[in-house]
Protein chains: 2
Amino acid sequence: MPETARRADRPGDRRPDRRSGNRYGNRPTMKDVAARAGVGLKTVSRVVNGEPGVTPDTERRVQEAIEALGFRRNDSARVLRKGRTASIGLVLEDLADPFYGPLSRAVEEVARAHGALLINGSSAEDPDREQELALALCARRVDGLVIIPAGDDHRYLEPEIRAGVATVFVDRPAGRIDADVVLSDNFGGARDGVAHLIAHGHRRIGFIGDMPRIHTAAERLRGYRAAMEDAGIPVEDAWMSLGGTDPERVRRAAEEMLSGPDPVTAVFTGNNRVTVTVIRVLAALSRPVALVGFDDLELADLLQPGVTVVAQDAAALGRTAAERLFRQLDGTLLAPERIELPTRLVQRGSGEIPPSG
Amino acid sequence: MPETARRADRPGDRRPDRRSGNRYGNRPTMKDVAARAGVGLKTVSRVVNGEPGVTPDTERRVQEAIEALGFRRNDSARVLRKGRTASIGLVLEDLADPFYGPLSRAVEEVARAHGALLINGSSAEDPDREQELALALCARRVDGLVIIPAGDDHRYLEPEIRAGVATVFVDRPAGRIDADVVLSDNFGGARDGVAHLIAHGHRRIGFIGDMPRIHTAAERLRGYRAAMEDAGIPVEDAWMSLGGTDPERVRRAAEEMLSGPDPVTAVFTGNNRVTVTVIRVLAALSRPVALVGFDDLELADLLQPGVTVVAQDAAALGRTAAERLFRQLDGTLLAPERIELPTRLVQRGSGEIPPSG
DNA sequence: CGCGCCGTTGACAACGTTGTCCAGGCTCTA
DNA sequence: TAGAGCCTGGACAACGTTGTCAACGGCGCG
């Protein structure tokens with residue numbers, strides 16, 4: 001009974017819940033490897049971690065035992081002992097949103113360069129779920145958090161940050177705490193986009209965006225207003241829709257501002273989802289209406305006309321945030337900062353259509 | 001220097017590796033909470049885990065102490081004790097690929113329903129990196145793995161599977177081990193797509209796909225060949241390009257098969273990235289060429305003409321795989337199985353163009 | 001030849017939690 | 001009022017790893 005004894009000789013272990021589900025009992029541990037190799041526990045640890053001070057011969061014996069048993073170090077125990085987990089958490093709004101794909105990928109890339117794994121979850125734009133997720137990640141003792149916030153009060157993170165969890169907010173600022181933030185220049189981008197329409201002769205310009213409680217949406221609205229004011233154009237309430245991205249809602253809003261006696265001649269859309277819906281509405285229209293959208297779209301250049309957009313660099317947002325996070329962990333970083341990345345106006349046709357009215 | 005103090009006030013800090021980075025030494029533990037509340041350690045544990053057998057009064061005292069200290073349970077220790085981590089790993093090819101967004105989202109959704117977190121990483125289509133990632137996840141003792149394989153030999157997972165790590169492969173089958181697999185009907189989908197072109201009168205049909213070492217690519221190629229053979233059309237080598245998704249390469253391939261004395265009159269593209277590039281090539285062409293692509297695209301219906309595609313349901317793939325994984329963990333599941341999900345032909349115009357030659 | 005040093009190795013405690021088990025005080029019943 | 005049983009609470013070991021420290025043997029040097 002060489003290794004079957006391994007489990008049999010445990011004392012009174014009446015209802016071993018933890019064993020159920022594991023067909024072959026538990027995994028081998030360093031102790032098992034040590035026994036098999038005829039060495040001490042610590043020697044196995046040294047071999048596994050590539051620490052110096054082990055004879056080539058001993059090392060070989062240990063390696064063989066590891067191989068034979070299929071041993072794999074238990075990182076949970078390691079973390080418990082060492083304090084660092086070499087993993088970071090990413091809380092975002094929706095993994096399936098094409099805007100967040102490149103962003104998470106960039107975060108992952110940086111994490112990988114620092115030897116860390118990425119744990120992520122979607123908040124679905126729900127503040128409670130954001131908090132639940134962020135705290136669950138803290139309970140796992142991630143070394144740091146990258147958060148695309150859904151809520152606007154992050155005081156719940158204060159104990160965590162004090163305890164040393166590096167924290168960076170992306171895309172939207174933190175609420176009621178002082179923390180690193182990486183943003184796009186939402187205000188400036190929107191202002192430039194709207195100014196572009198004005199420069200092409202438009203005065204009656206609609207704005208369809210997300211709910212202003214979302215920071216990016218509010219900033220873009222502010223940019224719209226600023227551009228209009230700079231041009232001395234009074235904005236009419238009927239030109240603005242701020243009710244979220246639900247396609248049906250957006251469709252109605254667009255149709256309304258495009259009908260009536262005095263329709264808008266151009267539309268500025270506040271994010272990619274709104275843009276997609278509005279493109280559909282405009283495609284069904286007989287007269288040409290100018291369009292500039294915030295966020296780029298994959299096939300925007302192939303549509304007729306191509307869609308002019310204010311593009312933000314999602315990958316750069318993620319990369320910048322993650323790099324900042326690791327600088328916090330290095331101790332290289334001092335005060336929290338707010339970093340704003342520029343946007344880029346990409347002219348493709350739809351934004352250069354003159355007023356038709 | 002208000003915030004520089006943030007790091008400065010660390011006490012005698014000789015070489016306590018694990019403490020560095022944490023401003024207040026370590027976090028409070030249950031022991032600290034117990035001391036502050038004037039109760040035993042286990043009582044705190046009971047409160048934290050909502051176990052019965054604690055007086056409301058005691059519970060309140062403990063809760064206050066938890067609040068005051070900002071205590072958060074250390075899940076690493078918990079995992080060490082309990083054996084299950086309530087987290088699953090997802091190894092995919094590229095988080096930024098729009099195909100994998102909905103897939104990971106679906107996996108996450110199912111994980112969440114089972115109270116588990118998702119850890120994920122991209123293999124970048126590199127078998128070594130896939131293995132490295134999968135094993136790192138196993139070292140963290142994830143309860144299960146969902147893998148979109150890059151390599152074709154997964155024997156390295158055998159010890160892990162024996163040790164009880166639930167494993168499901170998605171999108172592509174496992175290599176050299178017997179495991180659960182969830183796939184799209186790549187062969188049938190491609191065959192139907194090509195048959196659709198044939199039904200519209202085409203005989204000279206090009207195929208541009210990814211490298212055949214990738215299972216999905218090989219299957220789609222097989223579908224193309226089958227449809228052609230069913231129709232009694234001999235396939236010419238010049239009609240096929242199997243060299244990967246690099247845009248420049250795809251562009252050249254498309255241009256070649258569309259020029260010459262006997263050009264193809266229709267193209268079947270093997271995945272979304274190829275499709276996008278080919279759309280660009282066709283848009284620059286004067287004569288109409290039919291196109292059917294594998295994988296749907298976000299704005300496919302708005303292009304002129306709309307792009308006919310063989311759509312697969314990425315979310316369903318992810319959901320099915322994750323559900324199967326949790327059934328493995330329940331112990332409900334017995335033998336590994338291969339599940340194939342149907343694809344759907346979406347007619348939008350480009351696939352219904354008749355031959356122009 | 002003896003001393004000290006170095007390189008190798010292992011024993012042991014600790015990380016923070018949970019499962020087991022027992023103690024003490026209470027209520028309930030005969 | 002005594003005994004049985006229940007409820008609450010705490011002491012202790014264990015999970016698998018790593019840091020500390022000490023022991024051991026061999027070697028060089030005085």
Side-chain angles (χ1 to χ4, degrees), chain A residues 6-7 9-19 22 25-35 37-59 61-62 66 69 71-86 138-141 163, chain B residues 14-20 22 25-35 37-62 66 69 71-86 139-141 163:
Chain A
R6 205 186 153 261
R7 294 233 113 245
D9 59 5
R10 275 260 232 59
D13 205 348
R14 231 154 301 285
R15 290 170 61 258
D17 272 359
R18 37 188 322 280
R19 213 185 302 172
N22 286 19
N26 292 331
R27 284 163 168 270
T29 70
M30 284 192 179
K31 202 162 123 191
D32 302 318
V33 175
V39 302
L41 181 53
K42 180 64 199 189
T43 301
V44 177
S45 172
R46 274 192 270 263
V47 171
V48 169
N49 294 295
E51 288 170 25
V54 180
T55 329
D57 182 57
T58 311
E59 169 156 6
R61 284 215 316 286
V62 172
I66 289 177
L69 296 174
F71 167 80
R72 180 114 26 230
R73 181 178 66 197
N74 184 332
D75 275 354
S76 293
R78 174 167 225 254
V79 160
L80 181 58
R81 195 61 234 265
K82 306 203 61 145
R84 280 281 163 96
T85 57
C138 290
R140 312 244 157 168
R141 296 294 187 270
Chain B
R14 232 152 304 284
R15 289 174 61 259
D17 271 359
R18 39 185 325 279
R19 214 183 302 171
S20 69
N22 288 19
N26 293 333
R27 284 164 167 268
T29 70
M30 286 194 178
K31 203 162 125 191
D32 301 321
V33 175
V39 301
L41 181 53
K42 179 64 198 188
T43 301
V44 177
S45 172
R46 273 192 271 262
V47 171
V48 168
N49 294 295
E51 288 170 25
V54 181
T55 331
D57 183 58
T58 310
E59 168 156 7
R60 193 183 39 71
R61 285 216 316 285
V62 172
I66 289 177
L69 295 174
F71 167 80
R72 179 112 25 231
R73 180 179 66 198
N74 184 332
D75 275 355
S76 293
R78 175 167 223 257
V79 161
L80 181 57
R81 195 60 235 264
K82 306 202 60 147
R84 281 280 161 96
T85 56
R140 313 241 158 172
R141 294 295 186 267

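Below, read A as the first sequence line, B as the second, and so on, with proteins coming before strands; counting in each chain starts at 1. Note that the coordinates shown come from a computational prediction; the quantities given were computed from them, not determined experimentally.
Rounded to a whole Å, the CD atom of Glu51(A) is 8 Å from the C1' atom of dT18(D). In this structure, Lys42(B) atom NZ and dT20(C) atom P are separated by 9 Å, rounded to whole Å. dG9(D) atom C1' lies 15 Å from atom CE of Met30(B), rounded to whole Å. Atom-to-atom, CG of Asp32(B) to P of dG16(C) comes out at 8 Å; the value is rounded to the nearest Å. We find that CZ of Arg60(B) is positioned 17 Å from C1' of dG9(D), with the value rounded to whole Å. Taking atom CZ of residue Arg27(A) and atom C1' of nucleotide dC15(D), one finds them 15 Å apart after rounding to whole Å. Across the protein-nucleic acid pair, Leu41(A) atom CG and dG10(C) atom C1' stand 9 Å apart, rounded to whole Å. Between Asp75(A) atom CG and dG16(C) atom C1' there is a gap of 17 Å when expressed in whole angstrom units.
Counting distance only, with no hydrogens placed and no angle test, the side-chain atoms of Lys31(B) and the base atoms of dG16(C) include no donor-acceptor pair under 3.5 Å. For Arg81(B) against dT18(C), a side-chain-to-base donor-acceptor contact under 3.5 Å is present.
Contact check for Arg46(B) versus Thr58(B): no side-chain heavy atoms found under the 4.5 Å cut-off.
Looking at heavy-atom distances under 4.0 Å, Asn49(A) makes contact with sugar-phosphate atoms alone, never a base.
For the pair Ser45(A) and dT17(D), the criterion of a side-chain N or O lying under 4.0 Å from OP1 or OP2 is not met. The side chain of Arg73(B) places an N or O atom within less than 4.0 Å of a non-bridging phosphate oxygen (OP1 or OP2) of dT18(C).
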Write out a two-atom table: protein N or O, nucleotide N or O from nucleotides 5-9 of chain C, distance below 3.5 Å.
from   : atom 1 : to       : atom 2 : distance (Å)
dT8(C) : O3'    : Thr55(A) : OG1    : 3.0
dT9(C) : OP1    : Thr55(A) : OG1    : 2.8
dT9(C) : OP1    : Thr58(A) : OG1    : 2.6
dT9(C) : OP2    : Thr55(A) : N      : 2.9
dT9(C) : OP2    : Thr55(A) : OG1    : 3.2

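Both Glu59(B) and Arg141(B) lie near DNA chain D, and the one whose nearest nucleotide falls closer to the 5' end is Glu59(B).
Listed nucleotides: dT17(D), dG10(C), dT17(C). Nearest to the side chain of Phe71(A): dT17(D). Considering only side-chain atoms of Lys82(B), the nucleotide from dG19(C), dT17(C), dT18(D) that sits closest is dG19(C).
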